[in-house]
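Step one of this worksheet: look at the structure below.
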Protein chains: 2
Amino acid sequence: MEIRRQDIHNSDIPLVCRACEARHGGVCGVLTAEQLTELNKHSSRHRLDSGAEVIGQGETVVNYSNIMRGVVKLTKVMADGRQQIVGLQFAPDFLGRPFLAESAISAEAATESEICNFPRNVLDRLVKRTPELEHRLHQQALKELDEARDWMLTLGRKSAQEKVASFLYLIATHIDPESVDMSSFDLPLSRADIADFLGLTIETVSRQFTKLRKENVIRIENNRHVTVPDMDRLMRHAGND
Amino acid sequence: MEIRRQDIHNSDIPLVCRACEARHGGVCGVLTAEQLTELNKHSSRHRLDSGAEVIGQGETVVNYSNIMRGVVKLTKVMADGRQQIVGLQFAPDFLGRPFLAESAISAEAATESEICNFPRNVLDRLVKRTPELEHRLHQQALKELDEARDWMLTLGRKSAQEKVASFLYLIATHIDPESVDMSSFDLPLSRADIADFLGLTIETVSRQFTKLRKENVIRIENNRHVTVPDMDRLMRHAGND
DNA sequence: CCTTTCACTTGATCAAAATCAAATGGCGGC
DNA sequence: GCCGCCATTTGATTTTGATCAAGTGAAAGG
């Protein structure tokens with residue numbers, strides 16, 4: 001679990017990496033100064049508008065990314081257009097499916113975001129030579145698997161009200177991991193996205209928001225800003241007692 | 001993707017491992033004869049009755065396992081008893097969550113099964129020294145993640161009929177990976193388990209079976225044995241076109 | 001052989017969420 | 001300020017699957 005990192009002189013690592021959020025929590029944290037320099041040669045940073053696609057379902061993966069800022073949604077679409085969000089990724093998560101050429105999901109910025117791209121083959125080569133890096137990716141895969149399974153319980157067994165409360169709790173606890181106060185935050189998703197995440201319609205999501213608001217579990221301003229006066233009460237509404 | 005394995009003289013590896021199914025497809029396949037011998041010193045094989053618990057939600061993980069025969073279901077339970085199966089594992093899958101002391105799910109034999117147990121700390125130590133082993137576990141975690149996300153789409157967006165058809169398709173394609181003919185198989189789960197896997201009630205599952213039977217998509221004998229005359233037709237009913 | 005049990009099926013009714021259909025309410029552009 | 005555009009909310013109705021309640025049928029045990 002504990003990852004050793006050599007003490008790196010800031011001057012040894014690429015300029016752009018020095019200020020990078022993703023370098024510490026993210027995969028780059030396990031790389032040496034040399035490796036970071038090498039990877040950085042091939043990497044490029046991009047600003048993404050909300051809604052911008054990083055990769056599409058069925059496309060060939062040419063890049064992996066680190067999320068430096070913002071929230072990225074992972075979605076699956078059926079042939080007839082029905083859609084399900086199967087994961088949300090927050091900075092400084094790694095974005096990509098190692099060891100597979102074709103993406104089974106599409107990834108799209110949910111909010112205005114910033115990512116750092118690097119070529120698939122460069123990282124794949126680096127992974128082969130760096131067990132620490134594979135370990136780090138393995139850890140993230142397991143974390144995502146745990147989250148996916150939690151969400152399966154939500155999708156399969158919870159009521160609409162519990163689903164919406166579960167979503168709010170998820171966002172409260174993930175949107176700003178630094179912050180001590182999780183009781184006030186902006187929703188990174190539209191009502192339509194929330195519906196796609198919860199397996200509901202936007203009307204049902206809206207009604208449940210209204211209901212939670214009327215029961216004073218949450219307060220809402222400007223449709224996107226949520227305040228939770230009592231996090232335990234929200235948790236109980238989410239069915240997590 | 002390609003995993004090199006040294007040419008091992010059968011006589012160098014433990015007797016019980018020689019005939020083991022899990023050794024080739026499973027994690028043991030990447031171990032050297034010495035490592036296998038070492039691991040085998042601490043491992044033990046067990047027969048599990050259908051319904052026997054391997055580990056319970058919230059328990060401390062002391063063992064990992066390989067599934068040698070049978071089907072194991074991974075479930076999550078809510079405080080009020082609502083239950084969701086979050087994964088099915090087939091031989092020769094690895095069973096366990098590396099790097100976490102407490103299990104977030106429970107694992108239970110769905111059919112009469114056989115597993116090979118080994119202590120958590122022995123494998124954890126082996127993983128640290130053997131990048132190939134971590135790579136193999138990483139691969140399986142990614143496979144399970146892909147499967148979990150596929151199932152999230154099923155849980156969130158498919159109708160009861162599509163869910164049941166999706167389940168049948170999943171079993172047809174996983175129950176016996178050797179077999180060319182996937183059109184006839186025994187269901188490893190009861191109607192109650194299927195309901196818990198699909199986020200439905202047993203009554204709804206039963207009605208959808210009846211409906212698929214009446215539409216000649218499947219035939220059923222003795223409640224558990226299913227024949228699929230046209231796999232593509234089943235796939236269409238599952239919403240996977 | 002008959003009873004009991006258990007898994008499953010079938011039927012009738014109910015409730016939750018989907019669907020269809022209008023409001024409402026910011027917000028940017030003119 | 002007014003208009004038109006979206007996202008969101010609210011309302012009426014329908015549909016799907018859940019719930020409640022009996023059956024059925026096969027296997028185990030007396």
Side-chain angles (χ1 to χ4, degrees), chain A residues 49-51 73 78 80-84 110-112 154-168 186-215 217-226 237-239, chain B residues 49-51 73 78 80-84 110-112 154-168 186-215 218-226 237 239:
Chain A
D49 284 326
S50 168
K73 57 185 189 190
M78 290 174 65
D80 63 5
R82 278 176 286 174
Q83 200 164 348
Q84 176 69 43
T111 63
E112 200 262 312
T154 299
L155 289 173
R157 287 303 183 200
K158 290 188 184 174
S159 69
Q161 164 122 205
E162 289 171 324
K163 284 181 176 184
V164 170
S166 297
F167 169 74
L168 290 169
D186 278 321
L187 293 175
L189 302 188
S190 68
R191 297 293 185 275
D193 281 341
I194 297 170
D196 281 343
F197 194 30
L198 295 170
L200 299 171
T201 60
I202 65 170
E203 293 94 333
T204 299
V205 170
S206 178
R207 280 185 243 276
Q208 296 306 329
F209 268 105
T210 303
K211 211 155 155 227
L212 288 171
R213 192 163 41 71
K214 286 189 175 154
E215 291 169 7
V217 179
I218 55 172
R219 262 180 300 131
I220 307 178
E221 289 150 292
N222 303 325
N223 286 337
R224 286 291 186 113
H225 192 79
V226 175
H237 280 262
Chain B
D49 284 327
S50 169
K73 57 184 188 190
M78 289 172 66
D80 63 5
R82 278 176 286 175
Q83 200 165 348
Q84 175 69 42
T111 64
E112 202 262 311
T154 299
L155 289 173
R157 288 302 184 201
K158 289 188 184 175
S159 69
Q161 164 124 204
E162 289 171 325
K163 284 181 176 184
V164 171
S166 297
F167 169 74
L168 291 169
D186 279 321
L187 294 176
L189 302 188
S190 67
R191 297 291 187 274
D193 281 340
I194 297 170
D196 281 343
F197 194 31
L198 295 170
L200 299 171
T201 59
I202 67 171
E203 293 95 331
T204 299
V205 169
S206 178
R207 280 185 244 275
Q208 297 306 329
F209 268 105
T210 303
K211 211 155 155 227
L212 288 170
R213 190 164 41 71
K214 287 190 174 155
E215 291 169 7
I218 54 172
R219 260 180 301 133
I220 307 180
E221 288 151 291
N222 302 325
N223 287 338
R224 285 288 187 113
H225 191 78
V226 175
H237 280 260

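Below, chain A is the first sequence line, B the second, and so on; all start at residue 1.
Under the 4.5 Å side-chain criterion, counting only non-hydrogen atoms from C-beta, B/F167 is not in contact with B/V205. A 4.5 Å side-chain heavy-atom check between B/L168 and B/L212 finds at least one atom pair inside the cut-off. Inter-residue side-chain proximity for A/K211 and A/E215 is flagged as met; some heavy-atom pair is nearer than 4.5 Å.
When each of C/dT10, D/dT9, C/dC8 is scored by its nearest atom to the side-chain atoms of A/R191, the top-ranked nucleotide is D/dT9.
Taking atom CZ on A/R224 and atom P on C/dG26, their separation rounds to 16 Å, with Å as the unit. Per the geometry, CZ belonging to A/R157 stands 13 Å off P belonging to D/dG17, to the nearest Å. Residue B/D193 contributes atom CG, which lies 14 Å from atom C1' of C/dC8 at whole-angstrom precision. Atom pair B/F209:CZ and C/dA7:C1' shows a separation of 13 Å (rounding to whole Å applied). Rounded to an integer number of Å, the gap from B/Q208 CD to C/dT9 C1' is 13 Å. If you take CG of A/L155 and P of C/dA16, they are 20 Å apart, rounded to a whole angstrom. What separates CD1 of B/I220 from C1' of D/dG25 is a distance of 15 Å, to the nearest Å. Here D/dA26 presents its C1' atom at 15 Å from CD of B/E221, a figure rounded to the nearest Å.
Terminal axes of the helix from C/dC1-D/dG30 to C/dC30-D/dG1 (five pairs each, C1' rotation axis) are separated by 30°, to the nearest 10°.
The main-chain N or O of B/G51 is never found under 3.5 Å from a side-chain atom of B/D49 such that the two would form a donor-acceptor pair. Side-chain N or O atoms of A/R157 include one that pairs as donor or acceptor with a backbone N or O of B/L200 at under 3.5 Å. A donor-acceptor pair is defined here as one N or O able to donate and one able to accept, closer than 3.5 Å; such a pair exists between the side chain of A/S166 and the backbone of A/E162. A/Q84 contributes a side-chain N or O that, together with a main-chain N or O of A/F197, makes up a donor-acceptor pair within less than 3.5 Å.
Interatomic distance, CG of A/N223 versus CG of A/L187, reported as 9.5 Å (0.5 Å rounding). Rounding to the nearest 0.5 Å places CG of B/D186 at 8.5 Å from CG of B/N222.
Near DNA chain C, meaning a heavy atom under 4.0 Å away, there are no residues from residues 159-168 of chain B. Looking at residues 195-206 of chain A, you'll see A/E203, A/S206 sit with a heavy atom under 4.0 Å from some atom of DNA chain D.
Minimum heavy-atom separation, B/L198 to B/K163: O-NZ, 3.0 Å.
Between A/R207 and D/dG11 there is no side-chain N or O to OP1 or OP2 distance below 4.0 Å.
If B/K158 and A/R213 are placed on DNA chain D by their nearest nucleotide, the residue sitting closer to the 5' end is A/R213.
Atom CZ of B/R224 sits in a crowded spot, with more than 12 heavy atoms from other residues, nucleotides or ligands closer than 6.0 Å.
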